[in-house]
Amino acid sequence: MRSTARTLSLSLADLIITGEMVSSEVLEETGEQVEKSAKQAAKTIETSVQPVKKHITKPMNHEEQKTVKGAKLPKTAGNFLTYAVFGVILLAAGSFLYRKVRNV
């Protein structure tokens, strides 16, 4: 690190930061830009917020659920949990048998 009366420079992997780069004017301009951006963001948020309309007034039963055009929804539920438990049991049994055969 080199220090002189006029500039302070720090060399960090080919990066030299001098006193002119971080003068008070640069910091003030950056602060003003941040404030301006914050005001614009707040204005955008205020104008884009709209009240949410509730379309459903009562809870629906599974039999009442339909598509937008009124067609019945398909039954897509499966036995995934059952198959997952069966797979874990097979994995446990296989590892148990592997250890038994390996130790014999």
Side-chain angles (χ1 to χ4, degrees):
M1 184 176 354
R2 293 178 290 165
S3 176
T4 63
R6 295 186 69 142
T7 62
L8 173 69
S9 65
L10 171 70
S11 177
L12 177 68
D14 297 336
L15 175 69
I16 298 175
I17 301 173
T18 61
E20 292 94 22
M21 293 176 156
V22 269
S23 66
S24 62
E25 292 175 3
V26 172
L27 295 176
E28 288 175 7
E29 289 174 4
T30 304
E32 290 171 1
Q33 289 174 354
V34 168
E35 289 175 359
K36 184 178 177 182
S37 297
K39 288 178 184 177
Q40 287 177 347
K43 183 191 270 186
T44 303
I45 290 171
E46 288 174 3
T47 58
S48 66
V49 174
Q50 297 174 357
V52 177
K53 296 179 182 179
K54 290 188 176 183
H55 296 287
I56 301 173
T57 57
K58 63 178 183 172
M60 295 182 69
N61 295 331
H62 290 289
E63 294 145 6
E64 293 178 7
Q65 292 181 349
K66 295 182 178 180
T67 63
V68 176
K69 293 183 179 180
K72 271 188 148 183
L73 291 174
K75 294 184 180 182
T76 57
N79 297 326
F80 298 115
L81 182 60
T82 306
Y83 293 136
V85 170
F86 184 67
V88 169
I89 291 171
L90 281 177
L91 182 67
S95 62
F96 175 75
L97 289 173
Y98 177 74
R99 291 182 71 181
K100 278 288 194 187
V101 169
R102 198 176 91 196
N103 289 337
V104 171

Inset, instruction - Look up atom CD in Gln33 and atom OG1 in Thr30, then write down how far apart they are to the nearest 0.5 Å. - result: 5.5 Å
Inset, instruction - With rounding to the nearest 0.5 Å, note down the distance linking CD in Glu35 to NZ in Lys39. - result: 6.5 Å
Legend entry - Gap separating the CG atom of Asn103 from the OH atom of Tyr98, nearest 0.5 angstrom: 10.0 Å
Inset, instruction - Find out whether Lys36 and Gln40 are in side-chain contact, i.e. whether some heavy atom of one side chain is under 4.5 Å from a heavy atom of the other. - result: yes
